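Remember, it's a predicted structure, so these values are computed and weren't measured experimentally.
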Number of protein chains: 2
Amino acid sequence: MKEGPDIAQIGALIGDPARANMLTALMGGKALTATELAAAGGITVQTASTHLAKLEAGQLLAQRKQGRHRYFTLADDAVGKLLENIMGFAAGRGHLRHQPGPKEPALRKARICYDHLAGDFGVRMLDSLVAKGAIDAIGDGLALTGKGESTLKCIGIDVGDLKASRRPLCRSCLDWSERRAHLAGSLGKALLLKFFDKGWARRTAGSRSVIFSPNGERQFLALFPIDA
Amino acid sequence: MKEGPDIAQIGALIGDPARANMLTALMGGKALTATELAAAGGITVQTASTHLAKLEAGQLLAQRKQGRHRYFTLADDAVGKLLENIMGFAAGRGHLRHQPGPKEPALRKARICYDHLAGDFGVRMLDSLVAKGAIDAIGDGLALTGKGESTLKCIGIDVGDLKASRRPLCRSCLDWSERRAHLAGSLGKALLLKFFDKGWARRTAGSRSVIFSPNGERQFLALFPIDA
DNA sequence: GGCATGCTTCGGTTACGGTCGAACTATGCA
DNA sequence: TGCATAGTTCGACCGTAACCGAAGCATGCC
């Protein structure tokens with residue numbers, strides 16, 4: 001009967017709409033305060049507080065006190081990956097939210113997946129990197145090639161630094177809107193940060209979507225071409 | 001606020017203990033009747049019936065009427081993969097069920113993960129195949145080599161047949177007990193079936209664990225050596 | 001037909017958990 | 001010190017959903 005790990009517990013944690021909305025908001029990668037998360041969940045702060053306590057007890061969230069604020073983030077990237085996994089699954093079943101909403105297209109185009117780029121642009125970037133031989137792909141697995149390492153140096157990313165971290169360099173992450181893989185891992189994170197640095201793109205206030213400037217978009221598309 | 005797919009819905013489906021137990025039981029790969037699943041969930045048939053209806057509506061389960069029985073299975077291997085994913089995550093957080101129970105060690109040694117072999121033996125098999133060059137591994141990705149194809153022919157598996165199916169041949173699946181990858185995909189399934197065929201192993205009645213015969217275990221270990 | 005088995009539907013109960021108002025604690029600022 | 005803001009805890013309320021007994025279908029067997 002009772003075999004293996006307790007999936008019901010974390011299912012229940014994710015299964016509440018308010019909590020799910022808060023977790024989704026945190027997929028944006030930014031640390032959010034309890035009040036912000038309450039808004040994201042559509043509930044009062046009191047209620048949010050109890051939810052956050054549960055999520056923290058379940059080790060889905062980590063919090064950092066800073067002055068009189070409490071900043072919450074996803075506990076680690078395993079949580080982000082799990083959530084994106086579930087999103088991909090839900091999207092595959094056609095269990096999209098029923099209101100497509102005005103933000104939906106922007107979200108599909110480019111958004112943050114915990115700490116890296118997802119959506120059409122994210123998928124395109126990985127495809128392009130694979131096509132030009134910068135990344136080797138076997139199934140779900142990704143590995144940076146020597147050629148890729150120099151390509152990235154041109155963009156201004158020193159792979160050596162990234163390799164020092166314990167976190168895997170390249171990781172594929174299933175994109176729920178495109179239903180294909182995009183690039184995660186420390187390299188995916190570094191690339192997204194670079195786009196922000198260069199002013200090509202910026203985050204949006206209360207959403208996971210990423211907005212490219214006209215110039216930034218041009219540069220991005222040129223840097224990551226898709227062979228027709 | 002409301003962005004992306006509805007993870008709360010499937011979270012809620014998995015979040016009920018009775019449903020989670022039934023799903024876990026179905027990870028054994030065998031189709032089970034409503035009555036059997038009721039026992040697995042520790043509830044009466046009436047209650048199970050409503051749960052099963054919900055799971056089916058959520059497209060986690062598929063059912064097949066056969067005479068006066070209703071056989072339920074996981075809807076597809078995406079469901080199995082998702083569940084094993086969540087199990088891996090839960091195990092990583094130390095959210096194991098609190099009663100280790102007598103079956104636990106057997107479960108860690110060898111068990112069925114939807115339709116392929118998992119546990120210590122499953123991980124060992126993949127490691128060995130990679131070590132002997134039968135499978136290429138990059139990160140999470142797996143690909144059968146030419147050498148691997150002939151290796152498998154010796155065991156009596158014709159890869160050509162498997163390639164005909166739309167399902168991927170090799171797929172890595174995170175093992176919650178070992179916290180490492182084992183082999184899924186149609187090849188993983190074929191191998192497990194071959195072990196049953198040869199009489200090396202058998203399923204157990206009400207559990208996911210797989211029991212190897214003394215002879216079968218010897219053969220298995222010889223076939224998939226680990227270089228010390 | 002008559003009966004047993006497998007499963008679903010109905011009705012009613014119960015309990016758990018989400019919710020918010022109000023009070024309380026803690027931090028910061030002036 | 002006093003006030004404002006951020007957050008938690010308490011208490012009470014309420015709704016949903018899990019649960020089971022009993023009845024109702026459906027299938028199979030004799």
Minimum side-chain heavy-atom gap Thr33(B)-Phe72(B) below 4.5 Å: no
Between CD1 on residue Ile14(A) and CD1 on residue Ile7(B), distance to nearest 0.5 Å: 6.0 Å
Protein-nucleotide distance (Gln66(A), atom CD; dT5(D), atom C1'), rounded to Å: 16 Å
5' priority, DNA chain C, between Ala34(B) and Ala12(A) [closest heavy atom]: Ala34(B)
Selected nucleotide, minimal atom distance to Thr47(B) side chain, candidates dA17(D), dA6(D), dC19(D): dC19(D)
d(CD, Gln63(B); P, dT27(D)) in whole Å: 13 Å
Lys54(B) or Ser49(A), whichever maps to the more 5' nucleotide of DNA chain D: Ser49(A)
Considering all heavy atoms, the nearest Val210(B)-Ala201(B) contact: CG1-CB, 3.7 Å
Worked check of salt bridge (Lys or Arg N to Asp or Glu O under 4.0 Å) between Glu56(A) and Arg64(A): CA-CA 11 Å; Glu56(A) 202 192 352; Arg64(A) 199 174 63 234; over 6 Å; no
Among dT27(D), dC19(D), dT5(D), the one nearest Arg68(B) by side-chain distance: dT27(D)
d(CZ, Arg64(A); P, dA6(D)) in whole Å: 17 Å
Minimum side-chain heavy-atom gap Ile10(B)-Ile86(A) below 4.5 Å: yes
Selected nucleotide, minimal atom distance to Ile43(B) side chain, candidates dC19(D), dG21(D), dG7(D): dC19(D)
Reported CZ-to-CD1 distance for the pair Arg19(B) and Ile43(B), which is rounded to 0.5 angstrom: 9.0 Å
Atom-to-atom span, OH of Tyr71(B) to P of dT27(D) - whole angstrom: 16 Å
Residue of the set Arg124(B), Arg180(B), Arg111(B) for which salt bridge (charged side-chain N to carboxylate O under 4.0 Å, His left out) holds with Asp175(B): Arg111(B)
Range on DNA chain C touched by chain A - first to last nucleotide, heavy-atom distance under 4.0 Å: dG18(C) to dG28(C)
Separation of atom CD in Gln9(B) from atom P in dA17(D), rounded to whole Å: 12 Å
Length of the line joining Lys65(A):NZ and dA6(D):C1', which is rounded to integer Å: 10 Å
Rounded interatomic separation in angstrom, taking CD from Gln46(A) and C1' from dC13(D): 14 Å
